[in-house]
Amino acid sequence: MKMLNESLGGYFILVGFSDQPQLEKILFVLVLISYLLTLAGNTAIILVSCLDSMLHTPMYYFLTNLSFVDLCFTTSIAPQLLWNLHGPAKTITPIGCAIQLYVSLALGSTECVLLAVMAFDRYAAVCRPLHYATVMHPRLCQSLAGIAWLSGVGNTLIQGTITLRLPRCGNHKIYHFICEVPAMIKLACVDIHSNEVQLFMASLVLLLLPLALILVSYGYIVQAVMRIRSAQAWRKAFGTCGSHLLVVSLFYGTITAVYIQPNSSYAHSQGKFITLLYTVVTPTLNPLIYTLRNKDVKGALKRLMRRDKSTGEREILRR
């Protein structure tokens, strides 16, 4: 801990969008609305999935994990971002920066693996429907979710610690709005080629490998769906997979641009806006995508609302 404190030094300055004051005001309103929607939407999915027995299935078990990840992921970033957008102070304490780096990296890495696990679940549901309950038994679901969480924690302990221990020679100005690995390693006053290689290798394992598994799973799903002659079965298959595929596209389409090529001109010029998409916008859209496109979730919400209404009426009658 002593070495970490010495490495961190003084306060960090998160430059963020400070060169565009008018944009900061607009972003403050948009981020605040997005954050409140993220809190409400993901909390609703977690509560509905836990309280409604009809949703005690592998798909909603993984969806609950995803909602919890999104909830914590955005919470590790949005409050500090809102504080910096609202006031003139753009600083973050060394400990705060370290916590944000560790927590956001762990949760982002966990989501990468979790989306691949959810794709495998959809593969089992569509391609092996008769054996689905046998394949996706509770112990396997818990193990797969555990692997996702352990992968995220392991990655952040390695990447985060290496990044924070880099000597910075007094450089404390981060040209970003969060303490993120690609932005933090640019503060180093030593050769960071080995760190960039490590970041690239970690990105291959935790971004491209899960993405490849997702594409393979959906390749098998497409083959299975093409053999189905029933239009109703087609709609059911695309309904159960469409939401997940849309979430995968939003998340991977943005995060890969930052982590796979962190030194590209596109990532450098548009990196802050791309990061804003996968840290704030995507967690907001996930609950909307899963509820608006999912009859099971909408039905569960209606049942819970009717249950609460009937409970309230009984309480009134008792009085």
Side-chain angles (χ1 to χ4, degrees), residues 3-4 7-9 12-16 69 72-73 76-77 80-81 92 94 96-116 147-169 171-214 248 250-280 282:
M3 291 182 67
L4 178 60
S7 173
L8 287 171
F12 287 107
I13 300 172
L14 293 169
V15 176
V69 168
C72 297
F73 186 40
S76 70
I77 295 167
Q80 179 68 45
L81 174 59
I92 183 172
C97 186
I99 292 173
Q100 187 179 73
L101 178 68
Y102 277 120
V103 173
S104 62
L105 183 58
L107 294 169
S109 303
T110 299
E111 182 158 350
C112 291
V113 181
L114 190 58
L115 289 173
I147 290 171
W149 283 97
L150 287 175
S151 299
V153 172
N155 180 55
T156 195
L157 288 176
I158 297 170
Q159 289 292 323
T161 303
I162 291 174
T163 301
L164 290 174
R165 290 177 66 89
L166 286 172
R168 287 183 298 276
C169 305
N171 296 325
H172 297 290
K173 187 175 287 188
I174 303 172
Y175 290 92
H176 213 311
F177 61 84
I178 61 170
C179 295
E180 195 175 37
V181 173
M184 293 289 291
I185 60 176
K186 289 183 172 63
L187 299 181
C189 56
V190 295
D191 183 21
I192 59 171
H193 178 70
S194 61
N195 297 87
E196 291 174 340
V197 171
Q198 290 171 355
L199 177 61
F200 179 74
M201 296 303 296
S203 300
L204 286 179
V205 174
L206 289 168
L207 281 175
L208 295 188
L209 182 57
L211 182 58
L213 294 174
I214 291 170
V248 168
L250 286 171
F251 183 75
Y252 277 97
T254 52
I255 198 169
T256 50
V258 173
Y259 277 87
I260 296 299
Q261 290 184 309
N263 290 324
S264 67
S265 58
Y266 179 74
H268 181 72
S269 60
Q270 305 296 330
K272 288 182 287 189
F273 296 99
I274 298 171
T275 304
L276 202 61
L277 289 176
Y278 69 78
T279 56
V280 178
T282 301

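Position 1 is the first residue of the sequence, and the numbers go up from there. All values reported here derive from a predicted model rather than from experimental measurement.
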Here the gap from H176 atom NE2 to L81 atom CG, rounded to the nearest 0.5 Å, amounts to 10.5 Å

In Å, rounded to the nearest 0.5 Å, how long is the span from CG of L206 to CD of E111? 12.5 Å

Nearest 0.5 Å please: distance from the CD1 atom of I178 over to the CD1 atom of I92. 9.5 Å

Between G152 and T110 the two heavy atoms that sit nearest each other are CA-OG1, 3.5 Å

Side-chain donor/acceptor of K272 to backbone N/O of G16, under 3.5 Å: yes

Taking all non-hydrogen atoms of both residues, which atom of L207 and which atom of I255 are closest, and how far apart? CD2-CG2, 3.5 Å

From CA spacing to verdict: side chain to side chain contact (heavy atoms under 4.5 Å, CB included), L107, W149: CA-CA 8 Å; L107 294 169; W149 283 97; 3.7 Å; yes

Do you know which two heavy atoms are closest between S104 and I77, and how far apart they sit? CB-CD1, 4.1 Å

Can any side-chain N or O of S76 pair as donor or acceptor with the backbone N or O of Q100 at less than 3.5 Å? no

Within the 4.5 Å heavy-atom criterion, are L166 and I185 side-chain neighbours or not? yes

Run the numbers on L250 and T254 for side chain to side chain contact (heavy atoms under 4.5 Å, CB included), then give the verdict. CA-CA 6 Å; L250 286 171; T254 52; over 6 Å; no

Qualifying residue, where the test is side chain to side chain contact (heavy atoms under 4.5 Å, CB included) with L199 and the options are I162, V181, L204: V181

Within-4.5 Å side-chain heavy-atom neighbours: I13 and Y175: no

Nearest-0.5 Å distance, CD1 of residue I274 to OG1 of residue T279: 11.5 Å

Between I174 and M184, which heavy-atom pair has the shortest distance, and what is it? CD1-SD, 3.5 Å

Closest heavy-atom pair, F177 versus L14, reported as atoms and distance to 0.1 Å, is O-CD1, 3.7 Å

Which distance, rounded to the nearest 0.5 Å, do you find between the OG of S203 and the CD of E196? 11.5 Å

Could you state the interatomic distance from CE (M201) to CD (Q159), rounded to the nearest 0.5 Å? 11.0 Å

The single option from T161, T163, T156 that satisfies side-chain hydrogen bond (donor to acceptor under 3.5 Å, both in side chains) with Y102 is T161

Set of side chain to side chain donor-acceptor pair (under 3.5 Å) partners for S109, sequence neighbours left out: N155

Of all residues at least two apart in sequence or in a different chain, which pass the disulfide (SG to SG under 2.5 Å) check with C112? none

Taking every non-hydrogen atom, the tightest pair across L211 and V248: CD1-CG1, 4.4 Å

Test of understanding: with ring-ring contact (aromatic ring centres under 6.0 Å, His included), list the residues that count as partners of F73, not counting sequence neighbours. none

Heavy-atom distance under 4.5 Å between the side chains of P210 and L115, does that happen here? no

